[in-house]
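Below: the structure, in structure tokens.
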Amino acid sequence: MLIHNATVITFDDQNRIIENGAVHFTDDTIDAVGSDQMLLQQYPAGQRWDAGGMVLMPGQICAHTHFYGAFARGLYIPGAPATDFPEILERLWWRLDKALDLQGVQSSAEVCLVDAIRNGTTTLIDHHASQRAIDGSLDAIADAVDTSGLRAVLCYEVTDRDGPTAAQAGIRENTRFIQRITNDKIQNPKSKIQNRLAATFGLHASLTLSDTTLEDCVAEAQRFHIHVAEHPADEYDSVAKAGKRVVERLHDFGITGPQSIMAHCIHIDAWEMALLQATGTFITHQPRSNMNNAVGAADITTLLRGNLPVCLGNDGFSNDMFTEMKVADLLQKMAHNDPRYLGADKVVQMAVHNNRRLAGVFFAKPVGVIAPGAYADLILLDYYPTTPLSSANLPWHILFGMSGGHVHSTVAHGQVLMRNRELLTMDEAAITAQSREVAKQTWERYWAMF
Ligand SMILES: [Zn+2]
């Protein structure tokens, strides 16, 4: 397929913007990027797609999300409003996850995947919980990912909050699913779904994990995805339990490392930052969620100054990563009372370059870049800049101009998932009608827990 007559934003090493540009891909992989003229000559036959001058850029990557949170939209939470994040966990999330059955797990994933295609997010790193439907939950999500055509990294959040049986089931689910992915890759290396799916080992957070359970987890895996210091309570708990701060405690178990993800890291101190830097651990930042939970602003300016790989996630908020990028910038400026904080270039460093590095941990070919040899994950935006656009000011066009609403077409792994805002792999009307019904049943079970 040759997509031509586009303004191509490559996000490659030269950070090129190619006016009247074109991208050619064969099967799931990009094989050429260049000018219209050149590529039309080079590929005279085959399928062509005239982009009509639209922006063509790599699909967005979301470094930390929760598909299972989809049914929280509009949910009535009984009792007085939660006063802090631990209360939000206890009243909302730890009950909602228990109210989900396998059908609810799959349905909430489908809802998020539709939203992701619409907003041009083609790779999602999910962190799943459904404490009364643990066995097979990652397969239910994988089925939805398979249908969608998107790329995803899945894990189950192991926790002691519901007792040892559920904790062991969480460990089993991670181990089983990691094994499934490994086996499928060996048996069927050319399978499209297997090259779009990856697994890691999920852990909830230090504050709901005992030493014994952590020992069981590290015996099973080398890379992890865990929440870290989202609220001071996580640090207080770790100091009381282990005499160490959260990152130190997790590091001593071998949970840090260049393939591990630590979400949030809002309340870590300088020594914890040093440990994350020394181990090359990925950090993810979710500003919309942090503001909603009133848990503070992570010191990402400092982390980025130290070249720590800080990535951008959405923590289950809408899959419009353009919005998450805008909010990331606003939160730092607001938190520091200084308009010089962060800036669009640093936001792009996180959301584009660091997210791409993180995706590189899980997938065989590069993701999040338009370059020969990278996976063909591409989005077209009907964004026509009203001011000059150059590679130097591109980050500011992204922050102040582009939005998920501009996404006109979405391609992942060389498959067209949405064309001219029409979804081609997922039946949105059917998915939405079903999710409304399944959400209602889930809500009933949730309310019964009060
Ligand atoms: Zn999270």
Side-chain angles (χ1 to χ4, degrees), residues 61-73 75 82 84-98 100 105 108-109 111-112 115-116 121 123-131 137-138 141 152-159 161 170 174 200-209 223-235 237 246-247 250 255 260-268 276 281-298 300 310-321 323-324 327-328 331 350-351 355 358:
I61 298 165
C62 174
H64 175 80
T65 194
H66 300 283
F67 296 152
Y68 84 86
F71 293 164
R73 185 181 299 178
L75 168 66
D84 59 16
F85 182 59
E87 280 190 22
I88 294 172
L89 282 178
E90 201 275 319
R91 289 196 198 172
L92 172 58
W93 299 113
W94 294 354
R95 295 181 201 223
L96 180 61
D97 89 57
K98 282 210 278 283
L100 286 166
V105 169
S108 34
V111 167
C112 294
D115 185 56
T121 302
T123 299
L124 299 117
I125 302 181
D126 188 60
H127 195 272
H128 175 67
S130 53
Q131 288 284 86
S137 57
L138 296 180
I141 300 171
V153 182
L154 307 182
C155 70
Y156 189 89
E157 68 163 54
V158 176
T159 175
R161 66 176 177 263
N174 278 302
T200 183
F201 196 103
L203 300 165
H204 171 245
S206 172
L207 86 165
T208 71
L209 287 160
R223 63 189 189 198
F224 302 90
H225 184 179
I226 182 170
H227 294 107
V228 167
E230 187 170 359
H231 183 273
D234 202 18
E235 293 287 4
D237 171 87
V246 175
V247 177
L250 297 176
I255 291 167
S260 282
I261 304 170
M262 299 203 166
H264 300 297
C265 295
I266 300 169
H267 301 280
I268 59 171
L276 293 173
T281 308
F282 283 94
I283 298 160
T284 71
H285 179 50
Q286 290 72 223
R288 286 183 291 177
S289 162
N290 297 160
M291 292 167 77
N292 187 49
N293 291 325
V295 287
I300 56 170
V310 186
C311 303
L312 198 70
N314 69 8
D315 219 12
F317 268 68
S318 82
N319 292 291
D320 180 356
M321 292 306 291
T323 303
E324 196 75 45
V327 174
L331 173 58
M350 279 194 291
N355 277 12
L358 175 56

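Nothing fancy with the numbering, it's 1 onward along the sequence. Note that ligands are numbered from 1 as they come in the structure, with each ligand's atoms numbered from 1 the same way.
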Among Q131, H227, H128, find the one that has a side chain to side chain contact (heavy atoms under 4.5 Å, CB included) with E157.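 Going through the options one by one, the only one that passes is H227.
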Take the Zn ion (ligand 1) as the vertex and measure to NE2 of H66 and NE2 of H64; round to 10°.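 Rounding to the nearest 10 degrees gives 100°.
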Hey, which of Q286, H66, H285 is the one that makes side-chain hydrogen bond (donor to acceptor under 3.5 Å, both in side chains) with D315?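 Of the listed residues Q286, H66, H285, the side-chain hydrogen bond (donor to acceptor under 3.5 Å, both in side chains) partner of D315 is H66.
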Under 3.5 Å, is there a donor-acceptor pair between the side chain of T284 and the main chain of H64?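 Not at all, since once roles are kept as given, no pair shorter than 3.5 Å links the two residues.
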What verdict does the side-chain contact (heavy atoms from CB on, under 4.5 Å) test give for H267 and V246, after you've listed the backbone C-alpha separation in whole Å, the side-chain angles of each residue and the deciding distance to 0.1 Å? CA-CA 9 Å; H267 301 280; V246 175; over 6 Å; no
Which atom, counting only N, O or S, brings D315 closest to the Zn ion (ligand 1)?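 Going through the N, O and S atoms of D315 one by one, OD1 ends up nearest to the Zn ion (ligand 1).
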Mind checking whether the Zn ion (ligand 1) has an N, O or S of H227 under 2.8 Å?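 A backbone or side-chain N, O or S atom of H227 is under 2.8 Å from the Zn ion (ligand 1).
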